[in-house]
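Okay, so here's the structure we're looking at.
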Amino acid sequence: MNLEDKILEISESFYEEMIAIRRHLHMHPELSFKEYNTSAYIKSLLDQWSIDYTDNWVETGIIAEVSGEKQSDKVTYLRADIDALPILEVEGRSYGSTTANVMHACGHDVHSTSLLGAIKILHDTKTEWGGTVKCIFQPGEEKLPGGASLMIKEGIFKNTKAKSIVGQHVHPPLEVGKVGFCEGPYMASADELHITIKGQGGHAALPEDYNNPIVASSKFIVELEKLAKENHEENNPIVLCIGKINSDGGATNVVPGQVFLKGTFRAMNEEKRFKVHDLIKEMAMKISRETNTEIDCQILVGYPVLNNDPIITSKVRAFAEELIGDENVVTLERRMTSEDFAFYTHHIPGCFYRLGTRNEARNIVAPVHTPEFDVDEHCMKIGAALMAY
């Protein structure tokens, strides 16, 4: 039996256990940086399988390690995230979340289970390969500053010979049985805009006594839209969007003193990203002068651009074609969504690919970050097998 068939056979034999693991994780989700029970559960499985690991990375993170028996000093990393989202899951699922208003609505339960499956496969085939695979179970992907950045700060790559890191993510638009790849800049940076515009409140019938910050905020939003269009290019896109607007009061005849705006800024190029930061701040100063208001413009720097190294991504794609057939491997478009896996790709070459989870016949079609999200669990056979292979 060749290695590809052996890996697929082990993944198949481990499938029922993967279902049980995934459903346990799905039923007991925990929010970012609070994944204490999740971490303990994963460690209990690693202990049961006699897999070496280090723990307490950013408190709840784990790095498991499997070494092959053939001579090699190569090191690579595989990564899964373990946190859930503050979402109330739809009712009626036997494996639904038992934690109020917390749900694995982004598939991190699947990512963790697939990586555990990959560890099982690697351990069972260690006589056939050489080198070391370090498997990251990472906390806090869904919340700034991102668990990846914190694990890097704590030294996961210190004194390592690692040449690559690979991660995968569930993808509801893609049919189960398929995987997708995109070389180069694949996912956008993500920064948060927190804008406070301070004017002078008062009675709406006495305009000489107030300076309406709502007018200034309207101008700010319009100018921001204009700035976004002027700096958006087909091959170098950006997104600037205000998603929330509020004030410290106000009524039909009451002008508030302050208006608060919150939004997001996405870019596909790091140089352009910080150039636009400067343009936003310059625009805020200009509108402040024109409207005689105080504008505090805070830009919280978040996840960087996720760069899929062309060489590593090409290799992983070729492995996928060998393992599951080139008819099941597709090319993906760039996305303006973001992922903290991006931090890893700014330290060592990386590949972040998509795992198909869709099954229209079973109505498994809902997008991530929704209460209805679910996966066709057969995806985990490929998720585990491909990460191992």
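Along the sequence shown, the residues carry numbers beginning at 1. Quick caveat, the model's predicted, so the values are computed rather than measured.
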Any donor-acceptor pair under 3.5 Å linking the side-chain atoms of E377 with those of Y15?
no
If we ignore hydrogens and angles and just use 3.5 Å, is the side chain of T291 paired with the main-chain N or O of I287 as donor and acceptor?
yes
Is there a donor-acceptor pair closer than 3.5 Å between any side-chain N or O of E154 and the backbone N or O of V58?
yes
Partner set under side chain to side chain donor-acceptor pair (under 3.5 Å) for T196, not counting sequence neighbours:
none
Once you round to the nearest 0.5 Å, how far does CD1 of I63 lie from CG of N56?
11.5 Å
Can any side-chain N or O of N328 pair as donor or acceptor with the backbone N or O of I324 at less than 3.5 Å?
yes
To the nearest 0.5 Å, what is the distance between CD on E230 and CG on L240?
11.5 Å
Does I21 have any side-chain contact (heavy atoms from CB on, under 4.5 Å) partners at least two apart in sequence or in another chain, and if so, which?
F14, E17, L25, Y41, L45, W49, T113, L116
Checking R358 side chain against V176 main chain: does a donor-acceptor pair fall under 3.5 Å?
no
Using modelled atom types only, decide if a donor and an acceptor are shared between the side chain of H203 and the backbone of A205 within a distance under 3.5 Å.
yes
For the student: nearest non-hydrogen atoms of L122 and A388, plus distance:
CD2-O, 3.7 Å
Okay, side chain of T98, backbone of M27: is any donor-acceptor separation there less than 3.5 Å?
yes
Are the side chains of N2 and D5 in contact, using a 4.5 Å heavy-atom criterion?
yes
Side-chain ion pair, K6 and E9, N-O less than 4.0 Å
no
Which heavy atom of C379 sits nearest to which heavy atom of T357, and what is that distance?
SG-CG2, 3.9 Å
Min side-chain heavy-atom separation R22-I19 under 4.5 Å
no
Just jot down the salt bridge (Lys or Arg N to Asp or Glu O under 4.0 Å) partners of R317, sequence neighbours excluded, or say none.
E321
Report, one line per pair, each donor and acceptor closer than 3.5 Å where one atom sits in a side chain of residues 136-148; sequence neighbours left out.
residue	atom	partner	partner atom	Å
Q138	OE1	R79	NE	3.1
Q138	OE1	R79	NH2	3.2
Q138	OE1	Y344	OH	2.7
Q138	NE2	D340	OD1	3.2
Q138	NE2	D340	OD2	2.9
E141	OE2	D340	N	3.4
E142	OE2	H108	NE2	3.4

K74: which residues meet the side-chain contact (heavy atoms from CB on, under 4.5 Å) condition with it, sequence neighbours left out?
S72
Could you list all the salt bridge (charged side-chain N to carboxylate O under 4.0 Å, His left out) pairs where at least one residue sits in residues 362-371, not counting sequence neighbours?
R362-D376
Salt bridge (charged side-chain N to carboxylate O under 4.0 Å, His left out) partners of residues 284-299, not counting sequence neighbours, each pair once:
K219-E290, K286-E290
Mind checking ring pair (Phe, Tyr, Trp, His ring centres under 6.0 Å) for F220 and listing every partner two or more places apart, or none if nothing turns up?
none
For the pair S288 and T293, evaluate side chain to side chain donor-acceptor pair (under 3.5 Å) and give the outcome as yes or no after the intermediate values.
CA-CA 5 Å; S288 175; T293 57; 4.6 Å; no
Kindly indicate, with the supporting measurements, whether the criterion side chain to side chain contact (heavy atoms under 4.5 Å, CB included) is fulfilled by V102 and L85.
CA-CA 6 Å; V102 183; L85 286 161; over 6 Å; no
Consider only side-chain N and O atoms of E89 and H26, and report whether a donor and an acceptor are under 3.5 Å apart.
yes
Working to the nearest 0.5 Å, report the span between CE of M18 and OG of S13.
8.5 Å
Of all heavy-atom pairs linking E339 and D81, the shortest is OE2-OD2, 3.5 Å
Could you list all the salt bridge (charged side-chain N to carboxylate O under 4.0 Å, His left out) pairs where at least one residue sits in residues 200-215, not counting sequence neighbours?
none
Testing the basics here: between P349 and I312, what is the closest heavy-atom pair and its distance to 0.1 Å?
CB-CG1, 3.7 Å
Should the heavy atoms of other residues, nucleotides or ligands under 6.0 Å from CD of E327 be counted, would the total exceed 12?
yes
Could you tell me whether the side chain of F181 reaches within less than 4.5 Å of the side chain of L332, counting heavy atoms only?
no
If we count only N and O atoms by modelled type, under 3.5 Å, do the side chains of E30 and T38 hold a donor and an acceptor together?
yes
OG (S11) and CD1 (I121) are apart, to the nearest 0.5 Å, by 4.5 Å
Residue pair D374, Y95: steps toward the side chain to side chain donor-acceptor pair (under 3.5 Å) verdict
CA-CA 11 Å; D374 203 358; Y95 51 88; 2.4 Å; yes
Does the N307 side chain pair with the main chain of D309, one donor and one acceptor, at a distance under 3.5 Å?
no
Sorted by chain and number, sequence neighbours left out, side-chain contact (heavy atoms from CB on, under 4.5 Å) with T370 holds for A366, P367, E372, F373
Taking transitive links into account, so neighbours of neighbours count too, which hydrophobic residues share a cluster with Y210 at under 4.5 Å side-chain distance?
V255
Side chain to side chain donor-acceptor pair (under 3.5 Å) assessment of N308 paired with Y353
CA-CA 9 Å; N308 273 335; Y353 66 90; over 6 Å; no
Look at K126 together with E128 and state whether they make a salt bridge at an N to O cut-off of under 4.0 Å.
no
Nearest heavy-atom contact between A228 and I238 is O-CD1, 3.8 Å
Evaluate the criterion salt bridge (charged side-chain N to carboxylate O under 4.0 Å, His left out) for residue pair E65 and K134; output intermediate values, then yes/no.
CA-CA 5 Å; E65 186 172 305; K134 296 182 180 242; 3.3 Å; yes
Give a yes or no on whether the backbone of K262 and the side-chain of H194 come within a donor-acceptor separation of less than 3.5 Å.
no
Go through the side-chain N and O atoms of R354 and Y186 and say whether any donor and acceptor fall under 3.5 Å apart.
yes
Any side-chain donor near an acceptor of the partner, S67 and T132, under 3.5 Å
yes
Measure the spacing between CG of L46 and NE2 of H123 and express it to the nearest 0.5 Å.
11.0 Å
Whether K34 and E59 form a salt bridge (side-chain N of Lys/Arg under 4.0 Å from carboxylate O of Asp/Glu) is what I want to check.
no
Return yes if a side-chain donor-acceptor contact under 3.5 Å exists between Y389 and E4, otherwise no.
yes
Just wondering, do W57 and I62 contact through their side chains at under 4.5 Å, heavy atoms?
no
Residues D248 and F260: closest non-hydrogen pair is N-CE1, 3.8 Å
From OG (S217) to CG (L224), nearest 0.5 Å
12.0 Å
Which pairs pass salt bridge (charged side-chain N to carboxylate O under 4.0 Å, His left out) with one or both residues in residues 177-198, sequence neighbours excluded?
D191-R273
Charged N-O contact under 4.0 Å between K229 and E225
no
